[in-house]
Amino acid sequence: MIRTEAGMPTSRFCRLTGIPERTCRRWQPRARSEPPVRGPWPSPVAEAVEPFVIKHAEAHPAWGHRKIWALCRFDGHQVSASTVERIMRRGGLLAAVLWEIPKTSDR
């Protein structure tokens with residue numbers, strides 16, 4: 001009996017998902033032999049807005065990604081704060097964190 005990656009028998013997996021067992025058994029060797037597809041994925045928004053993020057970040061080195069994001073939004077660019085943070089991290093433009101949130105419990 002051939003088992004799927006999750007340990008479930010192939011025949012039961014096929015019944016639950018509605019995939020013909022013959023098709024599933026044909027897919028199994030290919031799925032086991034090929035490595036999973038991984039990035040890097042294209043990021044057109046980040047590439048389009050990167051020069052503006054870098055310009056603002058270099059002009060204001062003490063500011064964090066949220067203020068830089070607000071400046072970019074004010075300039076009319078549709079970009080998320082996480083994308084701005086990623087661009088700044090990749091360019092080494094994030095300032096070091098100088099404070100720490102105090103712990104309120106002994107966990």
Side-chain angles (χ1 to χ4, degrees):
M1 175 184 305
I2 298 176
R3 294 187 176 271
T4 58
E5 294 298 317
M8 182 184 302
T10 302
S11 56
R12 181 168 179 228
F13 175 79
C14 291
R15 275 195 314 274
L16 291 173
T17 59
I19 299 172
E21 190 172 344
R22 185 173 179 182
T23 303
C24 188
R25 291 191 187 278
R26 189 175 64 237
W27 289 346
Q28 281 177 338
R30 188 177 346 154
R32 289 185 181 131
S33 67
E34 295 176 1
V37 178
R38 298 193 185 265
W41 307 109
S43 54
V45 173
E47 292 169 0
V49 98
E50 189 168 4
F52 304 105
V53 171
I54 291 172
K55 179 186 76 164
H56 287 305
E58 288 175 345
H60 308 284
W63 288 5
H65 73 278
R66 290 188 201 106
K67 284 188 180 179
I68 303 299
W69 166 73
L71 283 175
C72 290
R73 294 287 296 211
F74 185 76
D75 289 345
H77 302 289
Q78 296 293 319
V79 64
S80 68
S82 61
T83 301
V84 171
E85 181 184 17
R86 206 172 300 120
I87 292 169
M88 290 176 69
R89 185 180 314 280
R90 199 170 40 226
L93 299 169
L94 282 178
V97 177
L98 301 175
W99 55 274
E100 187 176 315
I101 297 174
K103 294 184 178 182
T104 58
S105 65
D106 294 329
R107 286 195 239 177

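Between the CG atom in Leu71 and the NE2 atom in His60 there is a gap of 5.5 Å [rounded to 0.5 Å]. With rounding to the nearest 0.5 Å, the separation of OG in Ser80 from CZ in Arg73 is 9.0 Å. Atom OG1 of Thr83 and atom CD of Glu47 lie 11.5 Å apart (nearest 0.5 Å). Atom CD of residue Glu50 and atom SG of residue Cys72 lie 11.0 Å apart, to the nearest 0.5 angstrom. In this structure, CD1 in Ile19 is found 11.0 Å from CZ in Arg26, a value given to the nearest 0.5 Å. The distance from the CH2 atom of Trp69 to the CE atom of Met88 is 14.0 Å, given to the nearest 0.5 Å.
Across all non-hydrogen atoms, the minimal contact from Arg90 to Ala46 is NH2-CB, 4.5 Å. Scanning all heavy atoms of the two residues, the minimum distance from Cys24 to Cys14 falls at CB-SG, 3.3 Å. Residues Gln78 and Val45 come closest through the heavy atom pair O-CG1, 3.8 Å. The two atoms that bring Leu94 and His65 nearest to each other are CD2-CB, 4.4 Å, heavy atoms only. Pairing each heavy atom of Ser11 with each of Arg25, the nearest pair is N-NH2, 4.5 Å.
The pair Glu85-Arg89 counts as a salt bridge, with a side-chain nitrogen and a carboxylate oxygen less than 4.0 angstrom apart.
Within a 6.0 Å sphere centred on CZ of Arg12, other residues, nucleotides and ligands contribute 12 heavy atoms or fewer.
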